[in-house]
A.B. asks: 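Mind looking over this structure? Questions follow.
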Amino acid sequence: MTLLIDTNIILDYLDKRTTYTPAIDLIFNKIFSNQISGLLAAHSITNLWYILRKQYSDSKRRELISALLEYFEITAVDKAKLLSAINRSDFKDFEDCLQDECAIAARADCIVTRNKKDFERSQTPVFTPEEFVTNFSA
């Protein structure tokens, strides 16, 4: 099973933010142990780099993102995905639409996000971390 992990879940995991839940740890442990495949959209990496600059030094961000790249596959953002996302006016948030386009292209089984309402028009099934753990963990 391949999960595209939304940027907000990565941030919850790295920073143990107030929105962090134990289900996130379960998902990451399954990715780290190769029980499931983790996937990130390439633009999530640049977003993480920018967002994490307030909490972490340059060298710490390099360390954190390098560690993620050891365990997660990356799906590229290209012209076709950008144009498709631009033309999908049913999505309110362009970045979330681009996440869905990346999930479609990579044939991800689902997207895991904290903001399901932002993915109402997703062509890929979407779950919160808790829903994923409840429905798919053995």
A.B. asks: Taking C-beta and beyond as the side chain, do F94 and I86 meet within less than 4.5 Å on heavy atoms?
C.D. replies: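 They are in contact (side-chain heavy atoms under 4.5 Å apart), so the answer is yes.
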
A.B. asks: Kindly compute the distance separating CD (E63) from CG (L68), expressed to the nearest 0.5 Å.
C.D. replies: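 If I round to the nearest 0.5 Å, the distance is 11.0 Å.
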
A.B. asks: Provide the closest heavy-atom pair for S122 versus I111 in the form atom of the first, atom of the second, distance.
C.D. replies: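 Smallest interatomic distance, heavy atoms only, reads OG-CD1, 3.9 Å.
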
A.B. asks: Write down the atom of L39, the atom of A108, and the distance for their closest heavy-atom approach.
C.D. replies: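 Between these two residues, the closest heavy atoms are CD2-CB, 4.1 Å.
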
A.B. asks: Does either side chain, that of S37 or that of E73, offer a donor lying less than 3.5 Å from an acceptor on the other one?
C.D. replies: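 No pair is found: no donor N or O on one side chain lies under 3.5 Å from an acceptor on the other.
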
A.B. asks: Taking a hydrophobic cluster as the set of Ile, Leu, Val, Met, Phe, Trp and Tyr residues connected by side-chain heavy atoms closer than 4.5 Å, whether directly or through intermediates, do L64 and I74 fall within one such cluster?
C.D. replies: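 Yes: a chain of side-chain contacts under 4.5 Å links L64 to I74.
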
A.B. asks: State, with a plain yes or no, whether a side-chain heavy atom of L98 is found less than 4.5 Å away from one of V77.
C.D. replies: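 The answer is yes; the side chains approach within 4.5 Å.
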
A.B. asks: Which is it for F119 and F127 under the ring pair (Phe, Tyr, Trp, His ring centres under 6.0 Å) test, yes or no, and what are the steps along the way?
C.D. replies: CA-CA 10 Å; F119 287 87; F127 300 96; over 10 Å; no

A.B. asks: For the CG atom of D93 and the NZ atom of K117, what is their distance to the nearest 0.5 Å?
C.D. replies: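 If I round to the nearest 0.5 Å, the distance is 9.0 Å.
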
A.B. asks: So, S66 side chain and R62 main chain: donor-acceptor pair closer than 3.5 Å or not?
C.D. replies: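 A pair under 3.5 Å: yes.
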
A.B. asks: Could you tell me whether the side chain of S84 and the main chain of A80 form a donor-acceptor pair under 3.5 Å?
C.D. replies: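 Between the backbone of A80 and the side chain of S84 there is no qualifying donor-acceptor contact (under 3.5 Å).
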
A.B. asks: Show your working on side chain to side chain contact (heavy atoms under 4.5 Å, CB included) between S44 and Q99 and close with a plain yes or no.
C.D. replies: CA-CA 9 Å; S44 289; Q99 292 279 23; 3.1 Å; yes

A.B. asks: Do the side chains of K79 and L82 get nearer than 4.5 Å, heavy atoms only?
C.D. replies: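 Not touching, per the 4.5 Å side-chain cut-off.
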
A.B. asks: Calculate, to the nearest 0.5 Å, the distance between atoms CD1 and CG belonging to I24 and N29 respectively.
C.D. replies: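 Nearest 0.5 Å value for the CD1-CG distance: 12.0 Å.
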
A.B. asks: Knowing that exactly one of T21, I5, I9 qualifies, which makes a side chain to side chain contact (heavy atoms under 4.5 Å, CB included) with I27?
C.D. replies: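 Single pass found, and it is I5.
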
A.B. asks: Quick one: does R61's side chain have a donor or acceptor within less than 3.5 Å of a partner on W49's backbone?
C.D. replies: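 Yes: the side chain of R61 pairs with the backbone of W49.
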
A.B. asks: Considering residues at least two apart in sequence or located in another chain, which fulfil the side chain to side chain contact (heavy atoms under 4.5 Å, CB included) criterion with N8?
C.D. replies: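 For N8 the side chain to side chain contact (heavy atoms under 4.5 Å, CB included) partners, ignoring immediate neighbours, are D6, R17, T113, R114, N115.
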
A.B. asks: Any heavy-atom pair between the side chains of I36 and F132 that's under 4.5 Å?
C.D. replies: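 Sidechains of I36 and F132: in contact.
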
A.B. asks: Hey, any chance I31 and V126 share a hydrophobic cluster, counting ILVMFWY side chains that come within less than 4.5 Å of each other, even indirectly?
C.D. replies: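 In one cluster with I31: V126, no.
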
A.B. asks: State, yes or no, whether a side-chain contact exists between R88 and E101 at a heavy-atom distance under 4.5 Å.
C.D. replies: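 Counting from C-beta outward, R88 and E101 do come under 4.5 Å.
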
A.B. asks: If you apply the rule side chain to side chain contact (heavy atoms under 4.5 Å, CB included), what do you find for F91 with D118, and how did you get there?
C.D. replies: CA-CA 8 Å; F91 252 88; D118 293 344; over 6 Å; no

A.B. asks: List in chain and number order the residues that pass ring pair (Phe, Tyr, Trp, His ring centres under 6.0 Å) with Y71, two or more places apart in sequence or in another chain; answer none if no residue qualifies.
C.D. replies: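 Per chain and number, Y71 pairs via ring pair (Phe, Tyr, Trp, His ring centres under 6.0 Å) with F32.
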
A.B. asks: Take T75 and K81 through the test side chain to side chain contact (heavy atoms under 4.5 Å, CB included) and record every step on the way to the result.
C.D. replies: CA-CA 11 Å; T75 180; K81 289 181 193 84; 4.2 Å; yes

A.B. asks: Looking only at the side chains, is there a donor atom on one of Q123 and D100 sitting less than 3.5 Å from an acceptor on the other?
C.D. replies: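 On atom types as modelled, these side chains do not qualify, holding no pair under 3.5 Å.
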
A.B. asks: Taking the six-membered ring of Y56, is NZ or CZ of R53 closer than 6.0 Å to its centre and within 45° of its axis?
C.D. replies: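 No, R53 does not lie over the aromatic ring of Y56.
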
A.B. asks: Take L3 and F136 through the side chain to side chain contact (heavy atoms under 4.5 Å, CB included) test and state the conclusion after the steps.
C.D. replies: CA-CA 11 Å; L3 316 179; F136 298 101; over 6 Å; no

A.B. asks: Do side-chain atoms of K116 reach the backbone of T128 as a donor and acceptor pair under 3.5 angstrom?
C.D. replies: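 Side chain of K116 to backbone of T128, a donor-acceptor pair under 3.5 Å: no, none is there.
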
A.B. asks: Which pair of heavy atoms, one from A76 and one from C102, lies closest together, and at what distance?
C.D. replies: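 What the structure gives for the nearest pair is O-SG, 3.8 Å.
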
A.B. asks: State the CG-CD1 distance between N47 and I10, to the nearest 0.5 angstrom.
C.D. replies: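 With rounding to 0.5 Å, CG (N47) is 12.0 Å from CD1 (I10).
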
A.B. asks: Could you report the tightest heavy-atom contact between D109 and M1, atom names first, then the distance?
C.D. replies: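 Reported closest heavy-atom pair: OD2-CA, 3.2 Å.
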
A.B. asks: Heavy-atom distance under 4.5 Å between the side chains of E95 and T7, does that happen here?
C.D. replies: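 A side-chain contact exists here, since the closest heavy-atom pair is under 4.5 Å.
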
A.B. asks: Quick check: is L4 connected to I45 through a chain of hydrophobic side chains (ILVMFWY, heavy atoms under 4.5 Å apart)?
C.D. replies: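 No, I45 does not connect to L4 through the hydrophobic network.
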
A.B. asks: Is it true that L40 and V112 fall in one hydrophobic cluster, defined by side-chain heavy atoms closer than 4.5 Å?
C.D. replies: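 Looking at the clustering, V112 is in the same group as L40.
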
